[in-house]
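Quick notes on the structure that follows.
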Amino acid sequence: MLVYVAQAVGRWPFGAKLLALLATILVLQPLSLLLGRGHTSFGVSFPLAVGLLLWLGLCLRKPLLGWVYARRWRRLLWYGVWLAVLAWLIGLFAFVATLLTASELPESVQGPVAAIIVLGSSTPNAQPSPTTRARLDTAYLVAQRFPQAVVAVSGGVDFGEVLSEGHVMGAYLRQRGLPADQIIQEEASTSTDLNFKLTEPLLASRGISLEDPIVLVTSDFHVWRATRIALRQGWQNVQAVGAATPLYIRYNAWLREYFAVFSSWLLGEI
């Protein structure tokens with residue numbers, strides 16, 4: 001199989017055309033996010049880099065494959081690279097399948113609920129991004145069901161932002177009609193790990209401890225990692241609700257989260 005795929009790149013025109021189409025998609029989709037919406041996350045830059053490398057490989061495929069097939073060890077290395085890519089893609093698809101089954105719907109939350117923690121995302125121009133707005137709208141639905149629950153919005157000032165995410169998120173929920181005294185704003189965190197660490201004392205000031213039941217609200221792609229970070233920090237009764245990620249950024253978010261899980265594991269957060 002690997003031999004066939006490798007040879008098809010240089011010897012089967014249709015195979016090269018398929019790779020050219022894939023490379024074009026991998027370049028144009030991230031560029032549309034980068035130039036049109038200002039997104040600069042790893043989930044955007046990584047596929048862009050892969051797409052550019054694919055195009056470079058296609059442009060140089062004849063001399064490249066000539067060099068590869070000139071020596072046996074080079075052929076073995078070439079097949080090994082394809083094997084590694086295939087294994088990585090299988091792992092990535094399995095990871096995405098896990099993400100898709102990790103969260104609950106707002107109507108599935110079981111009471112009692114002491115607090116609702118809403119994790120921040122970007123707030124460009126002091127306005128919630130579509131991803132952030134989806135999280136807030138989902139949290140609002142949960143808060144409507146449990147009006148006694150404290151709603152903690154969490155997020156500091158990220159690159160290119162003028163106000164903290166917590167400030168913008170709190171303002172959005174108040175505009176939607178959530179009582180101001182129901183909302184707590186954490187405005188210093190810069191990571192998911194810090195979201196929970198800095199929110200804990202604010203909830204403690206309201207008499208809510210790590211043992212009390214909480215609902216975690218974040219994007220669907222983020223639920224799996226965020227839940228494990230919360231459990232690692234000692235939160236003992238967590239239900240997680242995932243807000244739908246906008247389609248235009250969904251695949252980039254999955255890819256970014258794949259590497260973020262690995263990073264969180266290295267840092268001992270999960």
Side-chain angles (χ1 to χ4, degrees), residues 1-102 121-122 124 129-131 158-160 219-222 224-225 244-266:
M1 174 183 172
L2 294 173
V3 174
Y4 174 76
V5 172
Q7 292 176 340
V9 175
R11 301 179 184 178
W12 187 34
F14 186 60
K17 290 178 180 179
L18 282 177
L19 284 181
L21 176 61
L22 175 61
T24 300
I25 293 172
L26 288 174
V27 169
L28 293 182
Q29 193 267 347
L31 277 179
S32 69
L33 295 176
L34 183 63
L35 301 178
R37 298 178 180 269
H39 288 282
T40 57
S41 72
F42 187 82
V44 173
S45 58
F46 182 80
L48 176 60
V50 171
L52 291 173
L53 285 174
L54 269 178
W55 262 117
L56 179 63
L58 286 168
C59 292
L60 302 175
R61 67 183 182 276
K62 288 184 178 180
L64 174 63
L65 289 177
W67 180 83
V68 166
Y69 288 108
R71 295 288 187 275
R72 183 174 182 274
W73 70 267
R74 294 174 187 170
R75 292 198 301 273
L76 293 176
L77 178 62
W78 179 251
Y79 302 150
V81 169
W82 278 104
L83 180 61
V85 170
L86 180 61
W88 180 75
L89 287 175
I90 292 173
L92 179 61
F93 288 137
F95 173 75
V96 171
T98 300
L99 296 186
L100 294 177
T101 59
S121 187
S122 61
S129 67
T131 300
D158 205 349
F159 179 78
S219 296
D220 47 13
F221 70 86
H222 190 218
W224 190 89
R225 180 166 63 98
T245 305
L247 182 61
Y248 73 90
I249 195 70
R250 186 171 302 167
Y251 311 107
N252 306 90
W254 290 345
L255 186 60
R256 175 187 178 276
E257 190 64 13
Y258 179 89
F259 291 99
V261 167
F262 182 68
S263 173
S264 290
W265 176 74
L266 285 178

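Here, residue 1 is the first one in the sequence, and each next residue gets the next number. Just so you know, these numbers use all the heavy atoms, side chains as well, and skip hydrogens, waters and symmetry mates.
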Less than 4.5 Å apart, any side-chain heavy atom of Leu52 and any of Leu56? no
Reported CG-to-CG distance for the pair Leu65 and Leu60, which is rounded to 0.5 angstrom: 10.5 Å
If you count the non-hydrogen atoms of other residues, nucleotides and ligands that lie under 6.0 Å from CH2 in Trp265, is the total more than 12? no
Taking Arg71 as the fixed residue, which of Tyr69, Trp73, Trp67 is the one that meets the side chain to side chain contact (heavy atoms under 4.5 Å, CB included) rule? Trp73
Looking at Gly51 and Val27, what are the two nearest heavy atoms and their distance? C-CG2, 3.6 Å
Got more than 12 heavy atoms from elsewhere within 6.0 Å of CZ, Phe259? yes
Quick check, are the ring centers of Tyr251 and Trp254 under 6.0 angstrom apart? yes
Return yes if some donor-acceptor pair links the side-chain N/O of Ser129 with the main-chain N/O of Ser122 below 3.5 Å, else return no. yes
Counterpart residues, ring-ring contact (aromatic ring centres under 6.0 Å, His included), relative to Trp55 (two or more places apart): none
Minimum-distance pair of heavy atoms, taken over all atoms of Asp220 and Ala244: OD2-CA, 3.6 Å
Decide side-chain contact (heavy atoms from CB on, under 4.5 Å) for Arg256 and Asn252; before the verdict, give the C-alpha distance in whole Å, the side-chain angles of both, and the deciding distance to 0.1 Å. CA-CA 6 Å; Arg256 175 187 178 276; Asn252 306 90; over 6 Å; no
Work out which heavy atom in Gly57 is nearest to a heavy atom in Leu64; give both atom names and the distance. O-CD2, 4.5 Å
Which atom pair, heavy atoms only, marks the closest approach of Leu99 to Phe221? CD2-O, 3.5 Å
Could you check whether any side-chain heavy atom of Val261 comes within less than 4.5 Å of a side-chain heavy atom of Glu257, counting everything from C-beta outward? yes
Measuring from Tyr258:OH to Thr98:OG1, what's the distance to the nearest 0.5 Å? 11.5 Å
